[in-house]
Amino acid sequence: MKLIYQVEDKVKTGQLIVFALQQLLAIMTATLVVPIIVGNGMSPAAALFGAGCGTLIYVLFTQKKSPVFLGSSFAFIGSMCAAFAGGVSISLGYLGIIIGAVFAGLVYVVIAIIVKAVGVEWINKLMPAVVIGPTVAIIGLSLAGNAVGDITTGGVKVDGVAVASPLAALLGGLVTLGVTMVCSAYGRKSGKLIPFIYGIIAGYIYCLILTVIGNAAGIDSIKLISFDPFKALVADGVGLSTFLSVPAFTFVTAFGGFSELNGTYIGTIFAAYVPVAFVVFAEHIADHKNISSIIERDLLKEPGLHRTLLGDGIGSMVGAFFGGCPNTTYGESIGCVAITKNASIYTIIAAAIGAILISFISPFIAFVNSIPSCVMGGVCMALYGFIAVSGLKMVQNVDLNKNKNLFVVSVILIAGIGGLTLNFGAVTITSVACALILGILANLLLKNAPEDGE
């Protein structure tokens, strides 16, 4: 893939701001939704602040050589919920999610030390292209249901149920997707570099027009945008908090939980977080193999897997300290790099700084929360699709006429697309991790098989 901006390339200030905004829009919805799912008063703005800080830590550890944004990890949602289980206080729960992130980050640190000592060749032998390629594809394909579900959903809800017509929402998603594709394929200069911004703007305008008509005519089925996030800004009158507000940082509340902390609770947190960290490690490998194929540089060798692990692990600890959510490399960010062909690390740095600053700007957070699901669904159809295609490109040089390779790829694809998961109490091994594990086992079983016809 010929990149317009390589990793070390600098970008003019004006363009850099727009590119960073595009990265933010690509990762922001998922980053903000994790604390909303976990609940217990967790702040989406604080999670965004934590993601920005975590990303800067990651960039520092990887020596500005890996252009990926870190956002809130969905894999740890069950672990985070476990921290609040049993009727514990909010303060202790917040302290628990910080302690859990430290445990998970330490897993990465330990693995990084091992990798530094023995190298990464064992990773390449354990996970060659025939294994890692389809696994990367599964990362995108496993998210397909989310994109399709979003693209038929509007923003207005009554009693928790979306009232917009699926057809009206679908058209909004298709407008977003269509404009994104046209800008990327036919656009010149900014159109080709920031197609997602144009797509989101077009989709939002479409939804806004229908919503205004729906409100005027009393037609609920075309009300696609919920203005509740904006109404919340002025619920108590217009003041400074309407425009600027300090996020509710996790550590502030967590300090009150130390008096309740005990060994049993720490053991519960350890059991909830550490196994998941090993699962996310597998996804860490897949993500970095994917971005390596896009920038045509092996990040596992330079700056090195030990550095990417340290960046991810320490960045996750820092992110959770502020926002409660452990961080992870985001496929949406990687997809954005692939589609726009902009791998400049300075875009990632600017996006991280932007995330930190924006977390204080109430209207912008409200705007992002008001973007209809169908609009983000249209964007994600492209993003997730590119992740899947990136994985499939990794196996283009694998000889699939050989049964042993065909079996490995088949097992991974079917396990991943079929949604195979394993549950061990509060720990869930995701479909991506299950597919990868099965692929590794199948490859080890068949790697010494004779060539077909022998």
Side-chain angles (χ1 to χ4, degrees), residues 21 24-49 51 71-72 74 77 90 146-147 149-173 175-176 197 199-248 323-325 355 358-380:
L21 179 61
L24 278 173
L25 290 174
I27 62 88
M28 194 174 289
T29 299
T31 297
L32 296 177
V33 81
V34 171
I36 294 174
I37 293 173
V38 176
N40 293 287
M42 292 188 66
S43 168
L48 183 61
F49 183 97
S72 305
F74 279 74
I77 288 177
I90 293 297
N146 295 338
D150 285 344
I151 205 171
T152 56
T153 305
V156 176
K157 294 183 179 180
V158 176
D159 297 326
V161 179
V163 297
S165 161
L167 178 59
L170 175 62
L171 290 175
V175 166
T176 304
I197 290 182
I200 290 172
I201 291 174
Y204 197 93
I205 291 174
Y206 163 88
C207 293
L208 182 60
I209 292 172
L210 285 192
T211 302
V212 170
I213 294 173
N215 286 331
I219 306 173
D220 289 341
S221 61
I222 59 173
K223 296 178 181 179
L224 294 169
I225 296 179
S226 172
F227 297 111
D228 289 344
F230 296 106
K231 294 177 182 177
L233 295 178
V234 295
D236 299 320
V238 177
L240 180 62
S241 62
T242 303
F243 306 98
L244 294 172
S245 61
V246 178
C325 303
I358 287 171
S359 67
F360 291 88
I361 303 176
S362 306
F364 190 86
I365 297 294
F367 166 72
V368 172
N369 288 333
S370 76
I371 296 176
S373 298
C374 60
V375 171
M376 294 312 301
V379 167
C380 287

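Here the structure is a predicted model, which is why all the values come from computation and not from measurement. As a basis for the values below, the full set of heavy atoms in this structure was taken, side chains included, without hydrogen atoms, waters or symmetry mates.
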Rounded to the nearest 0.5 angstrom, the CD1-OG distance for Ile365 and Ser359 is 6.5 Å
Note: Pro35 and Thr31 closest approach over all heavy atoms is CD-O, 3.3 Å
Heavy-atom closest pair (Ala366 atom, Leu233 atom, distance to 0.1 Å) is CB-CD1, 3.8 Å
So SG of Cys380 and CG of Asp150: to nearest 0.5 Å the spacing works out to 6.5 Å
The reported gap from CZ in Phe367 to CD1 in Ile361 (rounded to nearest 0.5 angstrom) is 13.0 Å
Hits for side chain to side chain contact (heavy atoms under 4.5 Å, CB included) against Val246, two or more places apart or cross-chain, chain-then-number order -> Phe249, Phe360
Practice task
Kindly indicate whether the side chain of Lys223, heavy atoms from C-beta on, has any atom under 4.5 Å from the side chain of Asp220.
Solution key: yes
Quick one, Phe227 with Asn215, criterion side-chain contact (heavy atoms from CB on, under 4.5 Å). Give me CA distance, side-chain angles, the key distance, then yes/no. CA-CA 11 Å; Phe227 297 111; Asn215 286 331; 3.9 Å; yes
Closest non-hydrogen contact found for Gly203 with Thr176 is CA-OG1, 3.2 Å
Exactly one of Leu167, Leu210, Val212 clears side-chain contact (heavy atoms from CB on, under 4.5 Å) with Ile222, and that residue is Leu210
To the nearest 0.5 Å, atom CD1 of Ile371 lies from atom CD1 of Ile200 at 5.5 Å
Nearest heavy-atom approach of Pro44 to Leu32 is O-CD2, 3.2 Å
Rounded to the nearest 0.5 Å, the CD1 atom of Ile219 sits from the CD1 atom of Ile213 at a distance of 8.0 Å
Sorted by chain and number, sequence neighbours left out, side-chain hydrogen bond (donor to acceptor under 3.5 Å, both in side chains) with Ser362 holds for Ser245
When rounded to the nearest 0.5 Å, the distance separating CE of Met376 from OG1 of Thr153 is 13.5 Å
Note: Ala169 and Thr152 closest approach over all heavy atoms is CB-C, 3.4 Å
Using atom types as modelled and distance alone, determine if a side-chain donor or acceptor of Thr211 lies under 3.5 Å from a backbone N or O of Leu224. yes
Contacts of Ser370 meeting side-chain hydrogen bond (donor to acceptor under 3.5 Å, both in side chains) (sequence neighbours excluded), chain-then-number -> Tyr204
Check your understanding: Should Val368 and Leu48 count as side-chain neighbours, where that means a heavy-atom distance under 4.5 Å?
Key -> no
| Do the non-hydrogen side-chain atoms of Val375 and Cys207 ever get within less than 4.5 Å of each other? | yes
